[in-house]
Amino acid sequence: MKKLSVDAKIALVREVGEEIVGEEELRKLFESKAHPIAYDGFEPSGNIHIAQGLLRAINVNKLTSTGIKFRFWVADWFGLLNNKMGGDLAKIRIVGEYFIEVWKACGMDMDNVEFIWTSEFVREHPEYWETVLKLSMNTTVNRVLRCGQIMGREESTGNPASQIMYPLMQAADIHHLGADIAQLGMDQRKVNMLARDIFPKLGFVPPIVVSHHMLMGLGEPKAAEGLNSVDRKIEIKMSKSKPDTAIFMTDSKEDVSRKFKKAFCPAGKVEDNPVLEYMKYIVFERFDSVKILRSEKFGGDLEFGCYKDLESAFVKGKIHPLDLKDCCAEYIDKLLVPVREHFEKDKKAKGLMEQVRGFAVTR
RNA sequence: CUCCCUGUAGCUCAGUGGUAGAGCAGUCGGCUGUAACCCGAUGUGUCCCAGUUCGAUUCUGGGUGGGGAGACCA
């Protein structure tokens, strides 16, 4: 691996982080450690879409290229707490294995990624609970409840006490995983901030928080009036509960093009344009040059070497939304080909996929 | 453990002793070289069981799920 300067490393982290809290600490971290630890956690649940698959891999690889080692927290117990897969731990574990296979297949830098299962880790580290209790003593019920959005729950009848446990446990994760950096999505920032606030009281080092962008869903972003920018992003993010506005890692080519065909894509507009967004965050991250195929009737083929050029051409009306859609679908599909192949050829992976497909999706 | 309230379409809710509606969402079609907007179409749902009744979603009882309060400590 070629040596990067601290500035170059920080620049890469900035590419991943839509928000970085503690940038000065990040500089010191890179100056003092060759291999800082970053963590991300995920609840295994049902299908895995490209924001969790492709985008996650892109971000992880950027960070590991700076020397960062990633710890992936396979949050099986959290999934249980959040009633994923009907609260069936056995199913949750199978889905967790399935997710890992997807990342293997889509090019994640597995040499610098370690997967740690919550249920196993906690069993081996009972001191984890002491941290949970101490955290609970240093914050308020209101503050913990305000972290509720990290559980991604929409409406719910009743307020399970798990809503208290979950954020406290997640904060404890950061410490016990030895994470210097909490590298989760913007939807997880509230717990990370909670951890930054409380950790000093317990004598722990507060994490640097690098929050990545939440890829929006393919539908028209609605119902977003009156929300602040973070809440809005969470509201319009890609969600497996709206299957036609999310591209899944194991979707067929036909699924991909059908979904893009239905996608919201206002001509010449950059804001709230999911297709353009996927071009930026995924396609141009993985391809040096992108070709838009058009018949002579519409002006012939176009080629772009970077996202900015494509964006300005689109804004000027030089690219029709339908051509952009077809192009984006084509390139995303190219990225899914190896995933499909893996799940076709690898027996273990194939078995996992079939089991996951057999599970009724709870939420 | 006791009492009160409550359970109707994916969501928010109407409604009637004679086999159920609205808004939003969704799906489909039309319009545009995409989608959206707009227009049109589209709802195999009354928590479960028993009873009363010619007939219950509507009444009664039990069960179960949800919410609230009380009781023990005083």
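So you know, we letter chains A, B, ... as the sequences are listed, proteins then strands, and number each from 1.
Separation of the P atoms belonging to U12(B) and C1(B) is 30 Å when rounded to the nearest angstrom. Nucleotides C24(B) and C5(B) are separated by 34 Å at their P atoms, to the nearest Å. A distance of about 42 Å separates the C1' atoms of G55(B) and G70(B), rounded to the whole Å. Here the separation of U58(B) from U52(B), taken at their C1' atoms, is 14 Å to the nearest Å. The separation of A14(B) from G51(B), taken at their C1' atoms, amounts to 28 Å, rounded to a whole angstrom. Taking atom P on both U60(B) and G21(B), the two are 25 Å apart, rounded to the nearest angstrom. Taking the C1' atoms as reference points, G7(B) lies 15 Å from C11(B), given to the whole Å. Rounded to the nearest Å, the gap between the C1' atom of A22(B) and that of G29(B) is 24 Å.
For G40(B), the paired nucleotide is C28(B), the pair qualifying as Watson-Crick or G-U wobble because both relevant distances are below 3.5 Å. Under the Watson-Crick and G-U wobble criteria, each requiring two contacts below 3.5 Å, nucleotide U19(B) is left unpaired. G70(B) and C1(B) make up a base pair, with Watson-Crick or G-U wobble contacts both under 3.5 Å.
Regarding Phe314(A), its CZ atom lies at a distance of 16 Å from the P atom of G33(B), rounded to whole Å. When the P atom of A36(B) is taken as reference, atom CG of Asn273(A) falls 14 Å away, rounded to whole Å. As a whole-Å value, the separation of Ile319(A) CD1 from G33(B) P is 19 Å. Rounded to whole angstrom, the span from the NZ atom of Lys262(A) across to the P atom of A25(B) amounts to 14 Å. If you measure from atom NZ of Lys259(A) to atom P of G26(B), you get 15 Å, rounded to the nearest angstrom. In this structure, CD of Glu235(A) is placed 14 Å from P of A25(B), rounded to the nearest angstrom. Lys242(A) places its NZ atom 11 Å from the P atom of U27(B), with the value rounded to the nearest Å. Following rounding to the nearest Å, Phe264(A) (CZ) and A36(B) (P) show an atom-to-atom distance of 9 Å.
Here Asp7(A) does not pair with Arg14(A) in a salt bridge; the nearest charged N to carboxylate O distance is not below 4.0 Å. Salt bridge annotation for Lys104(A)-Glu101(A): present, with a cationic side-chain nitrogen under 4.0 angstrom from a carboxylate oxygen. Under the 4.0 Å criterion applied to side-chain N and carboxylate O atoms, Glu330(A) and Lys291(A) are not assigned as salt-bridge partners.
Relative ring orientation between His176(A) and Tyr128(A) is described as tilted, the plane-to-plane angle lying within the 30° to 60° band.
Map Glu220(A) and Phe298(A) each onto its nearest nucleotide of RNA chain B; the residue landing nearer the 5' end is Phe298(A).
Between the side chain of Lys325(A) and the main chain of Ala263(A), a donor-acceptor pair closer than 3.5 Å is present.
The cationic atom of Arg56(A) (NZ for Lys, CZ for Arg) does not lie both less than 6.0 Å from the six-membered ring centre of Trp103(A) and within 45° of the ring axis.
Counting atom types as modelled, Asp244(A) pairs no side-chain N or O with a base atom of G26(B) as donor and acceptor under 3.5 Å. Judged by distance alone, with hydrogens and angles left aside, Lys325(A) brings a side-chain donor or acceptor within reach of the base of U34(B), the pair sitting under 3.5 Å.
At the heavy-atom level, Asp323(A) lies under 4.0 Å from base atoms of the strands shown.
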